[in-house]
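To find a chain, count down the sequence lines: A is the first, B the second, and so on, and within it residues start at 1.
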Amino acid sequence: MPELPEVETSRRGIAPHIEGREVERVTVRDGRLRWPVPSNLAQLLEGETLLTVARRGKYLLLQFPQGHVLVHLGMSGNVRIVSSQEVAVKHDHVDILFAGDKILRLNDPRRFGAVLWAPGEVAEHELIRHLGPEPLSEDFTLERLYQRSRKRKQAVKAFLMDSRVVVGVGNIYANEALFKAGIRPSKAAGLVSKVSYERLFDEVREVLMRAIEQGGTTLKDFVGGDGKPGYFKQELLVYGRAGKPCAVCRKPLKEIRLGQRSTVYCTSCQS
DNA sequence: CAGCGCCCCTGCCCGC
DNA sequence: TGCGGGCAGGGGCGCT
């Protein structure tokens, strides 16, 4: 579910409700996420004021005076703002209650997500420090992308999804960007031309920006911080469309597996 | 180091 | 209707 656009949508949805508010109570119903939720999380947060809600790659960063709560949504997670009137349902694992009856509630059926405490400088945290540039920032440049790709034999799709290369591009948007750039996903990253990387660079940014505008992609159950689904699904050109006609040439789209992930492309438009 | 599978977990869909 | 198999938006880890 959550790639960069969905995490950014979540961030925008929750931030106005909780920034500047004090934490009154933390409830952990099931702390068995990817890593155990710190058992002292309540102790750390209660009485502290949330300064900002930021994002780095697919991580949400809740900034407090002494450190950050790092939230990752994994494959199936979402966060929303609810009131204490709303009864917790299955898979509502963590609540952070803020002053003014605003609850930040994490729901994550598959529990691949994470809620961690990162004291001090968050950029130095082990899960953050090796991350590549933000695709929508000026740190992400064509030159850097192209240079990193040289001599790399792995498929360009896997290269694009490598968070050390660029953050936030997951399976949906990798498929979409490669289609729009006319590049075959299985082609070795090091053999893709400079001109193709120019297109890819632009399309990655374009597709992510457009998806954010649409509130992300809801395939099944993603909701942003306001509880609403995203509308980018209707703009998907290849993901989930195997066998259906290519939007450009009408030839049926082909599906293969790359790194255990569904990969859909047009054999005639992508080379 | 690069690159590739294997998992973690629940839910859902499909075929029998 | 029930059940087994496969697949799902991520990514750390261990192995070659």
* **Residues Phe140(A), Phe201(A); criterion ring-ring contact (aromatic ring centres under 6.0 Å, His included); working and verdict** => CA-CA 9 Å; Phe140(A) 184 50; Phe201(A) 177 78; 4.7 Å; yes

* Asked: Under 4.0 Å between a side-chain N or O of His91(A) and OP1 or OP2 of dG11(B)?
  -> yes

* **Nearest-nucleotide pick for Trp35(A), side chain only, options being dG12(C), dG10(C), dG11(B)** => dG12(C)

* Would you call Arg55(A) and Glu8(A) a salt bridge, using N to O less than 4.0 angstrom? -> yes

* To do: Could you check whether Ser163(A) gets within reach of a base, just the sugar-phosphate, or nothing at all, counting any heavy atom under 4.0 Å?
  => nothing

* **Closest to side chain of Met75(A), choosing from dT10(B), dG3(B), dA8(C)** => dA8(C)

* Under 4.0 angstrom, heavy atoms only, what part of the nucleic acid is Arg152(A) near: base, sugar-phosphate, or nothing? -> sugar-phosphate

* Roughly, in whole Å, what's the span from CG in Leu33(A) to P in dG10(C)? -> 17 Å

* Arg261(A) vs dG11(C): side-chain N/O to OP1/OP2 distance below 4.0 Å -> no

* To do: Select one nucleotide: of dG12(C), dG3(B), dT10(B), the one nearest the side-chain heavy atoms of Leu127(A).
  => dG12(C)

* Would you indicate which nucleotide in dG10(C), dG3(B), dT10(B) comes nearest to any side-chain atom of Lys58(A)? => dG10(C)

* Asked: For the pair made of CZ in Arg150(A) and P in dC1(B), what is the distance, rounded to whole Å?
  -> 22 Å

* Closest nucleotide among dG3(B), dC7(C), dG11(B) to the Arg257(A) side chain -> dC7(C)

* Asked: Does the distance from a Lys or Arg side-chain N to an Asp or Glu carboxylate O, for Asp95(A) and Arg29(A), drop under 4.0 Å?
  -> yes

* Find the distance Asp108(A):CG to dA8(C):P and express it as a whole number of Å. => 18 Å

* **dC6(B) to dG6(C) separation - P atoms, rounded to the nearest Å** => 13 Å

* Asked: Within this structure, what is the CZ-to-P distance between Phe159(A) and dA2(B), rounded to whole angstrom?
  -> 11 Å

* **Integer-rounded Å distance: dG11(C) P and His130(A) NE2** => 15 Å

* Asked: What is the distance, rounded to the nearest whole Å, between atom CG of Leu70(A) and atom C1' of dG12(C)?
  -> 14 Å

* Asked: Taking NZ, NE, NH1 and NH2 as the nitrogens, is one of them in Lys180(A) or Glu206(A) under 4.0 Å from a carboxylate oxygen of the other?
  -> no

* To do: Find the partner of dC9(B): check Watson-Crick (N1-N3 plus N6-O4 or O6-N4) and G-U wobble (N1-O2, O6-N3) distances, both under 3.5 Å, and reply none if neither fits.
  => none

* Has the side chain of Asp92(A) got a donor or acceptor atom that lies under 3.5 Å from a matching backbone atom of Val89(A)? -> yes

* Asked: Nearest of dG11(C), dC4(B), dA8(C) to any side-chain atom of Gln154(A)?
  -> dC4(B)

* **Sugar-phosphate, base or nothing in reach of Tyr59(A), heavy atoms under 4.0 Å** => sugar-phosphate

* Structure fact -> Per nearest nucleotide of DNA chain B, the residue lying toward the 5' end, Arg164(A) or Gln260(A), is Arg164(A)

* Asked: Checking all strands, does Arg34(A) fall into the base, sugar-phosphate, or nothing category for heavy-atom contacts under 4.0 angstrom?
  -> base

* Asked: Distance check: side-chain N/O of His72(A) vs OP1/OP2 of dG11(C), anything under 4.0 Å?
  -> yes

* Starting at NZ of Lys187(A) and ending at C1' of dG3(B), how long is that distance when rounded to a whole Å? -> 20 Å

* Structure fact -> 5'-most contact on DNA chain B (nearest-nucleotide basis), Ala158(A) vs Lys220(A), goes to Ala158(A)

* Length of the line joining Leu116(A):CG and dG12(C):P, which is rounded to integer Å -> 11 Å

* State whether Asp30(A) and Lys90(A) are salt-bridged, where the test is any N-O pair (Lys NZ or Arg NE/NH1/NH2 against Asp/Glu carboxylate O) under 4.0 Å. => no

* Give me the ring orientation class for Tyr197(A) and Tyr146(A): parallel if the planes are under 30° apart, tilted from 30 to 60°, perpendicular past 60°. => perpendicular

* Asked: Is there ring stacking between Phe112(A) and dG10(C), where the centres must be under 5.5 angstrom apart and the planes under 30 degrees?
  -> yes

* To do: Classify the nucleic acid contact of Lys233(A) as base, sugar-phosphate or nothing, counting any heavy atom under 4.0 Å across all strands shown.
  => nothing

* Less than 3.5 Å between a donor and an acceptor, one on the side chain of Arg110(A) and one on the base of dC9(B), is that the case here? -> yes

* Of the candidate nucleotides dG10(C), dC4(B), dC12(B), which contains the atom at the shortest distance from the side chain of Met161(A)? -> dG10(C)

